[in-house]
Amino acid sequence: MTWSAQPDATRYDVRYDNQTRKVNTVYSTSGTSYHLTGPYSGDHVCIALRAANQYGASAWTETYCFDTPY
């Protein structure tokens, strides 16, 4: 997944919720892309993103949910 850089952001947090496998975690990266390992065929996944810097983090984006193809 990729996104546009935000002014003054030093890191981005990716909230990953695989509702099929009951995995809910947050990954951090300094770049404007992140490669998720998984999800697997048929999983229901929800993802949200936020930007952060030394002063704190923004609100999460709207959550995007989808089913991976079989």
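- Across all their heavy atoms, S41 and P69 have their closest contact at OG-O, 3.2 Å.
- For residues 15-51, the disulfide bond (SG atoms under 2.5 Å apart) pairs, not counting sequence neighbours, are C46-C65.
- Counted within 6.0 Å of CD on Q54, heavy atoms from surrounding residues, nucleotides or ligands total more than 12; the atom is thus considered enclosed.
- S28 and D13 share a side-chain donor-acceptor pair at under 3.5 Å.
- In this structure, CD in Q6 is found 14.0 Å from CZ in R11, a value given to the nearest 0.5 Å.
- Pairing each heavy atom of V14 with each of M1, the nearest pair is CG1-SD, 3.9 Å.
- With sequence neighbours excluded, the residues satisfying side-chain contact (heavy atoms from CB on, under 4.5 Å) with D43 are N18, T20, R21, P39, Y40, V45, T68.
- Contact detail for A48 and T63: the closest heavy-atom pair is CB-OG1, 3.9 Å.
- With values rounded to the nearest 0.5 angstrom, F66 atom CZ is found 9.0 Å from H44 atom NE2.
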**Prompt:** Going through the distances and angles, do Y34 and I47 end up as a side-chain contact (heavy atoms from CB on, under 4.5 Å)?
**Reply:** CA-CA 12 Å; Y34 194 82; I47 295 174; over 6 Å; no
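- Going from atom OG1 of T29 over to atom NE2 of H35 covers 13.0 Å, rounded to the nearest 0.5 Å.
- In the model, D17 has a side-chain atom that pairs as donor or acceptor with a side-chain atom of Q19 under 3.5 Å.
- Using a 4.5 Å cut-off between side-chain heavy atoms of Ile, Leu, Val, Met, Phe, Trp and Tyr, with links allowed through other members, W60 and Y64 fall into different hydrophobic clusters.
- What you find for L49 and Y12 is that their closest heavy atoms are CD1-CB, 4.1 Å.
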